[in-house]
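To start, the structure under review is shown below, and the notes come after it.
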Amino acid sequence: MPLAIILRTSGTTNIFRDFIVNILASKNIDTALLCSGFFQESFRGSAYHASLENRLAAKCATSGVNLTTVGIHNHTWLRSYREFRNNMLSAGVKINCFRKINLRWHAKIFIAKTDGIPCAGIIGSSNITRNAFSVGKNFNNECDVFLWSENSPLSSIIEDFFSRDNGDIIIRAPYLPEENDNLSLGDLLLNVENEVMSSGIVPL
């Protein structure tokens, strides 16, 4: 079970975005969890819509994935998060959105599952905002850890992301259960998901 650590150093490509969108578009997963401190959707009149980034909403609607989101960091971003939820619902996405009771949510997590078993995940620094989730000259130097099961039907899709020469700094390593309380990757990601869902969240 491999992992990859990526430091984004270019605005021309976005592995974080492409990894998430392509996995959500896959028929090989049925549920996913996406956590962010910020979901940028018409934030303060901005034209940027995260739901339209790389056709995120359309691809989720087509795949039929059940998506759960958790956020956000502060009250300023509450309207934007609601706009994201509403636009995803309008596009036909099966989505349930939650927020931290006192807001102040900052963890960035993505977990994709098939039949209740995690097959891929991300834990890192990237939010669902234009500078982290899009491409262009104004981009954030983010660092994210990608984990996946090599036996997953997604493995060929995922390996393609890390074979590209896009200028980002990529470190590859195996996932070692013995260094993680003897937890399998699936069990580790399930523990993360359980921590998220029991952390004092309420429907948006």
Side-chain angles (χ1 to χ4, degrees), residues 6-25 31-63 65-112 120-146 161 166 168 192-193 196-197 199 201-204:
I6 297 183
L7 174 64
R8 187 183 185 194
T9 59
S10 169
T12 58
T13 58
N14 192 327
I15 292 178
F16 171 75
R17 176 198 67 182
D18 293 346
F19 186 99
I20 289 175
V21 174
N22 280 274
I23 287 178
L24 290 175
T31 60
L33 172 69
L34 181 61
C35 307
S36 176
F38 312 95
F39 289 85
Q40 187 172 347
E41 195 85 3
S42 302
F43 180 67
R44 290 182 170 172
S46 166
Y48 182 77
H49 293 75
S51 64
L52 299 179
E53 183 67 52
N54 203 14
R55 302 184 63 243
L56 170 65
K59 290 177 180 178
C60 287
T62 299
S63 71
V65 64
N66 285 288
L67 178 62
T68 297
T69 64
V70 175
I72 54 176
H73 186 259
N74 58 58
H75 191 272
T76 303
W77 284 83
L78 193 54
R79 174 182 286 184
S80 182
Y81 188 19
R82 286 180 176 138
E83 286 288 326
F84 176 81
R85 174 200 60 194
N86 294 344
N87 289 340
M88 293 287 277
L89 287 170
S90 294
V93 180
K94 300 173 184 175
I95 188 169
N96 290 294
C97 299
F98 297 86
R99 65 172 178 86
K100 186 80 170 178
I101 292 174
N102 62 349
L103 304 180
R104 312 307 294 174
W105 182 272
H106 210 240
K108 297 85 173 177
I109 298 166
F110 174 70
I111 299 172
I122 303 173
I123 299 174
S125 71
S126 297
N127 285 294
I128 308 303
T129 59
R130 198 210 65 77
N131 285 4
F133 197 57
S134 188
V135 293
K137 65 179 182 179
N138 296 319
F139 68 94
N140 292 344
N141 292 113
E142 306 280 3
C143 188
D144 298 290
V145 180
F146 298 72
F161 293 123
N166 58 16
D168 291 334
V192 172
E193 180 182 39
V196 170
M197 300 310 293
S199 62
I201 59 175
V202 294
L204 180 64

Set of residues satisfying side chain to side chain contact (heavy atoms under 4.5 Å, CB included) with respect to [X], sequence neighbours excluded:
X: K100; value: N102, W105, S199
X: S46; value: Q40, Y48
X: L7; value: T9, C143, I169

### Message
Under the salt bridge (charged side-chain N to carboxylate O under 4.0 Å, His left out) definition, can you give me all pairs with a residue in residues 43-54, not counting sequence neighbours?
### Response
R17-E53
### Query
So which pairs with a foot in residues 79-97 pass side-chain hydrogen bond (donor to acceptor under 3.5 Å, both in side chains), sequence neighbours left out?
E41-N87, T69-Y81
Let me confirm one number: the [atom1]-[atom2] distance from [X] to [Y], rounded to the nearest 0.5 Å.
X: S134; Y: N140; atom1: OG; atom2: CG; value: 11.0 Å
X: I6; Y: F146; atom1: CD1; atom2: CZ; value: 4.5 Å
X: I20; Y: L34; atom1: CD1; atom2: CG; value: 5.5 Å
X: S63; Y: N22; atom1: OG; atom2: CG; value: 11.0 Å
X: N131; Y: N141; atom1: CG; atom2: CG; value: 10.5 Å
X: N127; Y: C35; atom1: CG; atom2: SG; value: 11.0 Å

### Task
Please report the C-alpha distance between I23 and F110 in whole Å, then the side-chain angles of each, then the deciding distance to 0.1 Å, and finally whether the side-chain contact (heavy atoms from CB on, under 4.5 Å) criterion is met.
CA-CA 10 Å; I23 287 178; F110 174 70; 4.0 Å; yes
Minimum heavy-atom distance [X]-[Y], with the two atoms named:
X: A50; Y: I128; answer: CB-CG2, 3.6 Å
X: N74; Y: L103; answer: C-CD1, 3.5 Å
X: A91; Y: A61; answer: O-CB, 3.3 Å
X: S126; Y: D144; answer: OG-OD2, 2.7 Å
X: V70; Y: F39; answer: O-CE1, 3.7 Å

### Task
Could you pull out all residues at least two apart from E142 that satisfy salt bridge (Lys or Arg N to Asp or Glu O under 4.0 Å)?
none
### Task
For the pair F139 and R8, evaluate side-chain contact (heavy atoms from CB on, under 4.5 Å) and give the outcome as yes or no after the intermediate values.
CA-CA 9 Å; F139 68 94; R8 187 183 185 194; 3.8 Å; yes
### Query
Do N66 and T31 have side-chain N/O donor and acceptor atoms under 3.5 Å apart?
no
### Query
For H73, which residues count as a ring-ring contact (aromatic ring centres under 6.0 Å, His included) partner, sequence neighbours excluded?
F38, H106
#### Entry: Non-neighbouring partners of F43 that pass ring-ring contact (aromatic ring centres under 6.0 Å, His included), sequence neighbours left out
W77
### Query
Can you check side-chain contact (heavy atoms from CB on, under 4.5 Å) on L33 and F98, steps first, answer last?
CA-CA 11 Å; L33 172 69; F98 297 86; over 6 Å; no
### Task
For the pair K59 (side chain) and N54 (backbone), establish whether a donor and an acceptor sit closer than 3.5 Å, ignoring hydrogens and angles.
yes
### Under 3.5 Å donor-acceptor, N14 side chain and F16 backbone
yes
### Query
Are L56 and M88 close enough that some pair of their side-chain heavy atoms sits under 4.5 Å apart?
yes
